[in-house]
*Asks:* 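Below is the structure I would like to discuss, written out as structure tokens.
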Number of protein chains: 2
Amino acid sequence: MQRRSLGQPRLDGIPQAVIMQMLIMNSLRWTRQRKLILDALRGRKDHPTAEQVYHDLRAKGTTVSLATVYRTLRALARQGLVRELHGEGPDRFDPDTSPHYHFRCTRCGHVFDVAVPYKDELDQVVVGPGFVVSFHEITWEGLCPSCRGREGSQNDEGR
Amino acid sequence: MQRRSLGQPRLDGIPQAVIMQMLIMNSLRWTRQRKLILDALRGRKDHPTAEQVYHDLRAKGTTVSLATVYRTLRALARQGLVRELHGEGPDRFDPDTSPHYHFRCTRCGHVFDVAVPYKDELDQVVVGPGFVVSFHEITWEGLCPSCRGREGSQNDEGR
DNA sequence: CTCCTTGCAAAGGATTTGCACTAAC
DNA sequence: GTTAGTGCAAATCCTTTGCAAGGAG
């Protein structure tokens, strides 16, 4: 969706004031809900779903509607402040928009960051005449440590 | 989901009789519907959605319910005879299960094969202690030739 | 004749949307 | 005051499922 490159803002590293600026510049308003959702996402490494963000917020006693969580997350993605991850099950959101790769557990659906360095040269790939590449993604699939143990049982948490 | 490696069956190259065998061996029956769906998928390079397969079949005058198309496609995926592709929009199905990569147009959602050779070494990546990697995927995103022209207009066919 | 499949319609999960209301700017 | 954002419920999209009838082995 959004174009990414080295030096692109990542939610984690940006002071709130700057995020505020970015939103305002796009005539987006700095509301209580957006602040809460941003805060709920900052620094997270677990790539939560909209539903998870929603639940975490109300677990903290604050209230934001699920619709607003979705609207905000998608809006932030459009601004390039978060990254949307697609796969089996509901979409997940990553506050780290810097180029990096993911591992997805085929059993529980959880997504983890992978430390393999980003391969800039892959963005230079010629897919064919007339194709324009914005970026690439690499996703590994398999079992995460905790699902590896319970091979037999059916576990679908986090979907 | 399914483990893939060089030499794994690809729907395109397998004689129907062999597919029949594979199904029977798993106590799956060789029905009119399954034959039709398999035929509709064979040799296709456009990674259709279940809905598209469904429509193509009834355009040919044959009738299979959408539920059966879904059930069959998912069953074939479980047998490793087709590959499921996730992304924005509905799932797509690829009759070619040999290791290869994809390009997805962010405007129309169409998926294309990418000629970049499969990097076996990436399956050896150590994600972390306790992780088991089954395979990896690389997906490029950007604009396909036909969407590149109509940048301004909103085009969402094929979703 | 047994068990797997199908079709249909209903159910389900994930996500979006219409609308009246509220709150930024 | 304007205009964008919110909550809520309804709507939508994609997909799965329950069940009775049909068909393969």
Side-chain angles (χ1 to χ4, degrees), chain A residues 1 16-17 19-38 40 47-55 57-58 62-79 82 84-93 109 154 156-159, chain B residues 1 16-17 19-38 40 47-55 57-58 62-79 82 84-93 109 154 156-159:
Chain A
M1 227 68 278
Q16 204 174 69
I19 294 178
M20 224 175 108
Q21 266 305 119
M22 296 187 64
L23 293 183
I24 292 169
M25 276 169 23
N26 289 282
S27 64
L28 297 179
R29 290 173 180 175
W30 187 238
T31 65
R32 179 185 68 90
Q33 294 69 349
R34 286 184 179 163
K35 190 167 170 342
L36 286 169
I37 294 169
L38 245 352
H47 316 81
T49 64
E51 190 92 36
Q52 285 171 344
V53 171
Y54 169 73
H55 279 118
L57 282 175
R58 51 175 34 212
T62 55
T63 331
V64 178
S65 77
L66 181 56
T68 294
V69 173
Y70 270 107
R71 276 188 287 230
T72 300
L73 256 16
R74 301 289 189 207
L76 290 174
R78 248 176 279 124
Q79 304 299 311
V82 308
E84 299 176 344
L85 305 180
H86 305 294
E88 202 176 296
D91 290 348
R92 290 171 176 273
F93 297 86
Q154 68 306 327
D156 294 286
E157 43 146 328
R159 289 293 171 70
Chain B
M1 227 67 273
Q16 205 174 69
I19 294 178
M20 223 174 110
Q21 266 305 119
M22 296 188 64
L23 293 184
I24 291 168
M25 275 170 23
N26 289 281
S27 66
L28 296 180
R29 290 174 177 172
W30 188 237
T31 65
R32 179 184 67 89
Q33 300 59 355
R34 286 184 180 163
K35 190 168 173 336
L36 286 170
I37 294 169
L38 244 352
H47 315 81
T49 64
E51 190 93 36
Q52 284 170 345
V53 171
Y54 169 73
H55 279 118
L57 284 175
R58 52 173 34 210
T62 55
T63 331
V64 178
S65 76
L66 180 57
T68 294
V69 173
Y70 270 107
R71 277 188 287 230
T72 300
L73 257 15
R74 301 290 189 207
L76 290 174
R78 251 176 276 124
Q79 305 297 311
V82 309
E84 299 176 344
L85 305 180
H86 305 294
E88 203 176 296
D91 290 349
R92 290 169 175 275
F93 297 87
Q154 68 308 326
D156 293 284
E157 43 147 326
R159 289 294 171 72

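Numbered from 1 within each chain, the chains take letters A, B, ... in sequence-line order.
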*Asks:* Round to a whole Å and report the spacing from NE2 of His86(B) to C1' of dC13(D).
*Replies:*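 Distance check: His86(B) NE2 to dC13(D) C1' gives 17 Å.
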
*Asks:* What bend angle does the helix from dC1(C)-dG25(D) to dC25(C)-dG1(D) show across its length, from five-pair end axes and to the nearest 10 degrees?
*Replies:* 40°

*Asks:* Within the structure, does a side-chain N or O atom of Arg34(B) lie under 4.0 Å from either OP1 or OP2 of dT5(C)?
*Replies:*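 Answer is yes, contact under 4.0 Å.
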
*Asks:* How far apart are the closest heavy atoms of Phe93(B) and Thr49(B), and which atoms are they?
*Replies:*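 That closest heavy-atom pairing would be CD1-C, 4.4 Å.
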
*Asks:* Tell me which nucleotide among dT15(C), dG25(D), dC14(D) gets nearest to the side chain of Asp91(A).
*Replies:*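 The closest nucleotide is dT15(C).
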
*Asks:* Roughly, in whole Å, what's the span from CG in Leu57(B) to C1' in dT6(C)?
*Replies:* 14 Å

*Asks:* Tell me whether the OP1 or OP2 atom of dA23(C) has a side-chain N or O from Gln33(A) closer than 4.0 Å.
*Replies:* no

*Asks:* Check Leu38(A) against Trp30(A) and note the closest heavy-atom contact, atom names and distance.
*Replies:*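 For Leu38(A) versus Trp30(A), the nearest heavy atoms are CD2-CZ3, 3.7 Å.
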
*Asks:* Quick check on dC14(D): is either OP1 or OP2 less than 4.0 Å from any side-chain nitrogen or oxygen of Arg74(B)?
*Replies:*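 Result: no.
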
*Asks:* Within this structure, what is the CG-CZ distance for the pair Leu76(B) and Arg71(B), rounded to the nearest 0.5 Å?
*Replies:*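 The CG atom of Leu76(B) sits 13.5 Å away from the CZ atom of Arg71(B).
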
*Asks:* For Arg32(B) and Leu66(A), find the nucleotide of DNA chain D closest to each by heavy atoms; which residue's nucleotide sits nearer the 5' end?
*Replies:* Leu66(A)

*Asks:* For a quick test of reading the model, state the closest non-hydrogen atom pair linking Ile37(B) to Thr68(B) and the distance between them.
*Replies:*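 Result for this residue pair: CD1-O, 4.0 Å.
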
*Asks:* How close do Thr62(A) and Leu57(A) get, heavy atom to heavy atom, and via which atoms?
*Replies:*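 Scanning both residues, the minimum pair turns out to be OG1-O, 2.7 Å.
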
*Asks:* Return the minimal non-hydrogen interatomic distance between Val53(B) and Pro48(B), and the atom names on each side.
*Replies:* CG2-CG, 3.9 Å

*Asks:* Using atom NE2 of His55(B) as one end and atom P of dC14(D) as the other, report the distance to the nearest whole Å.
*Replies:* 11 Å

*Asks:* Give the rounded distance in Å between these two atoms: CD of Glu51(B) and C1' of dT16(D).
*Replies:*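 Atom CD in Glu51(B) sits about 14 Å away from atom C1' in dT16(D).
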
*Asks:* Atom OH of Tyr54(B) to atom P of dC14(D): distance rounded to whole Å?
*Replies:*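 After rounding, the reported distance stands at 14 Å.
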
*Asks:* At under 4.0 Å, does any side-chain N or O of Tyr70(A) touch on OP1 or OP2 of dT15(C)?
*Replies:*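 Yes, within the criterion.
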
*Asks:* Would you indicate which nucleotide in dG25(D), dG7(D), dG23(D) comes nearest to any side-chain atom of Thr68(A)?
*Replies:* dG7(D)

*Asks:* Restricting both atoms to N or O, compile the protein contacts to nucleotides 17-19 of chain D shorter than 3.5 Å, with distance only.
*Replies:*
| unit_1 | atom_1 | unit_2 | atom_2 | d |
| --- | --- | --- | --- | --- |
| dG18(D) | O6 | Arg71(B) | NH1 | 3.4 |

*Asks:* Distance check, rounded to the nearest 0.5 Å: His86(A) atom NE2 versus Glu88(B) atom CD?
*Replies:*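 His86(A) NE2 to Glu88(B) CD: 4.5 Å, rounded to 0.5 Å.
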
*Asks:* Does a side-chain N or O of Thr31(B) approach OP1 or OP2 of dT5(C) to a distance below 4.0 Å, or not?
*Replies:* no

*Asks:* Measure from the side chain of Thr72(A), starting at C-beta and using heavy atoms only, and say which of dT6(D), dA24(C), dC8(C) lies closest.
*Replies:* dT6(D)

*Asks:* Return the CZ to CZ distance between Arg74(B) and Arg78(B), rounded to the nearest 0.5 Å.
*Replies:* 9.5 Å

*Asks:* How long is the line joining CZ of Arg29(B) and P of dG22(D), in whole Å?
*Replies:*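 The distance from CZ of Arg29(B) to P of dG22(D) comes to 16 Å, rounded to the nearest Å.
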
*Asks:* Might you point out which heavy atoms bring Ala77(A) and Glu84(A) nearest each other, and give the distance in Å?
*Replies:* CB-OE2, 3.5 Å

